[in-house]
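Quick note on labels: first sequence line is chain A, next is B, and so on, each numbered from 1.
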There are 2 protein chains.
Amino acid sequence: MEPKINIVNVVVSTKIGDDIDLEHVADVLDNAEYEPEQFPGLVCRLNDPRVALLIFRSGKLNCTGAKSKEEAEIAIKKVIKQLKEAGFDIEEDPEIKVQNMVATAELGTEPNLDRISTLEGTEYEPEQFPGLVYRMEDPKVVVLIFGSGKIVITGLKREEDAYRALENVLNMLKELKEIKG
Amino acid sequence: MEPKINIVNVVVSTKIGDDIDLEHVADVLDNAEYEPEQFPGLVCRLNDPRVALLIFRSGKLNCTGAKSKEEAEIAIKKVIKQLKEAGFDIEEDPEIKVQNMVATAELGTEPNLDRISTLEGTEYEPEQFPGLVYRMEDPKVVVLIFGSGKIVITGLKREEDAYRALENVLNMLKELKEIKG
DNA sequence: AAAATTTTTATTATATATAAAAAATATTTT
DNA sequence: AAAATATTTTTTATATATAATAAAAATTTT
């Protein structure tokens, strides 16, 4: 039985133009919110795919909330189409880079967080936050481990690293004799 | 369609004896916790029915967490049986009084809490607590109204008052034109 | 004399912590 | 004054606590 990894959030960035008039964009994009004194980026929310896009005056763009890089690309294409139709000078097929992914997984056992917290690279303050924070070196990600056995892996650039990170956590539990080898 | 009321908690009180040695009770009752410097009552938790009983030196007893008066009675009978078997001088069939009931219900609409908060008898401080507090005069209960349309009625002595309280809230919404009359 | 202690229960917003990009502003350190 | 961080926003899973409500009991503290 293969360990199951669920990608729950993908953050990507790209560049769709130069010196974009965000006030103008706010008028032509229907789900746009632009409050420059609060944040320099314009926020645009799509329902399908369900994501949030941040567009900056520089032409740089972030997309958050997608379940895959492909989903983020579809969302970005949608916004590009709308902006081109409104007459903006926009890059049609920009290079999209994954900046972060968040994954969830299950350990299949209920770990003793107090025992794990004796290891290096871990932080565990249950009255501040119920999850143990494990900063892994290779792959360079952060894993949140919960008493339920559920874990959250974040800081991912590639999906395959989620499997390596989960393997590392399982091996760590074996060494702590939390799981039979 | 009849409005649906769910009784989620019933608190009852009774008196099962006089001058009870709680230290002794703590020894013979298996799920008992007795920490007199923390609280003068002995706490006993049952799994079936799932309730908590507080027993006091005076012989007075509270039962919380039951879903009905009958469930509370069954729980109390169970504890009485155990205490009698341990040799305590205990009342076998004491009078049980409902002191409080908590009910939940649904309004069937998502109310505007800000508008309701203009009415007398209401308190609404969303950053302190998300529910609006409505102190009703007749029946004398407190209703918590949430933005989801779910409500909590507490301070109930009789189940029928829950229906009257719900009716009152629905009428109030009609007058505020939150619901079509 | 009044308030806190404990127990139960539904309700739900918010805070807590994690990573990452973007750019503008606000502190902080040099 | 200049350079260097920190905060702002967005998303997402995870899971705790806390906020307020009523009621009884008896003890301690205010």
_Which residue lies more 5' along DNA chain C, comparing A:Phe129 with B:Val43 via nearest heavy atoms_ = B:Val43
_Closest-nucleotide 5' rank along DNA chain C - winner of B:Val11 and B:Pro126_ = B:Val11
*From the 5' end of DNA chain C to its 3' end, which nucleotides mark the outer limits of contact with chain B, defined by a 4.0 Å heavy-atom distance cut-off (strictly under)?*
C:dT5 to C:dA13
*A:Asn62/A:Lys60 under side-chain hydrogen bond (donor to acceptor under 3.5 Å, both in side chains): CA gap, chis, key distance, verdict*: CA-CA 7 Å; A:Asn62 296 340; A:Lys60 290 191 177 176; over 6 Å; no
Tell me: [atom1] of [X] to [atom2] of [N], nearest whole Å?
X	N	atom1	atom2	value
B:Ile76	D:dA25	CD1	C1'	13 Å
B:Ile145	D:dA20	CD1	C1'	14 Å
A:Phe56	D:dT10	CZ	P	11 Å
A:Asn6	D:dT12	CG	P	15 Å
A:Gln99	D:dT12	CD	C1'	16 Å
B:Lys60	D:dA25	NZ	C1'	8 Å
A:Asn31	D:dT9	CG	P	20 Å
B:Lys97	D:dA22	NZ	C1'	14 Å

*Where the side chain of A:Asn100 meets the backbone of A:Gly155, is there a donor-acceptor pair that is under 3.5 Å apart?*
yes
*Which residue lies toward the 5' end of DNA chain D, A:Lys67 or B:Asn62, if each is placed at its nearest nucleotide?*
A:Lys67
*Closest nucleotide of DNA chain D for B:Glu37 versus for B:Leu144: which of these residues is on the 5' side?*
B:Leu144
_D:dA20, OP1 or OP2 - any side-chain N/O from B:Gln128 closer than 4.0 Å?_
yes
*For B:Ser117 and B:Asp114, work out which heavy atoms get closest and say how close.*
OG-O, 2.6 Å
*Heavy atoms only: give me the nearest B:Lys84-B:Ile90 pair and the separation to one decimal.*
NZ-O, 3.1 Å
*For B:Val142, which contact category applies under a 4.0 Å heavy-atom criterion: base, sugar-phosphate, or nothing?*
sugar-phosphate
*asked:* Over all strands shown, is B:Val8 touching base, sugar-phosphate only, or nothing at heavy-atom distances under 4.0 angstrom?
replied: sugar-phosphate
*Around atom CD of A:Glu85, are there more than 12 heavy atoms of other residues, nucleotides or ligands at under 6.0 Å?*
yes
*Where the side chain of B:Pro130 is defined as all heavy atoms beyond and including C-beta, which of D:dA19, D:dT10, D:dA24 is the nearest nucleotide?*
D:dA19
Return all side-chain donor-acceptor pairs below 3.5 angstrom for residues 37-56 of chain A, not counting sequence neighbours, or 'none' if the list is empty.
from	atom 1	to	atom 2	distance (Å)
A:Arg45	NH1	A:Glu33	OE2	3.4
A:Asn47	OD1	A:Arg50	NH1	2.9

*Polar pair under 3.5 Å, donor/acceptor by atom type, side chain B:Thr154, base D:dA22*: yes
*In this structure, which one of A:Val143, A:Ile151, A:Thr122 forms a side-chain contact (heavy atoms from CB on, under 4.5 Å) with A:Leu132?*
A:Thr122
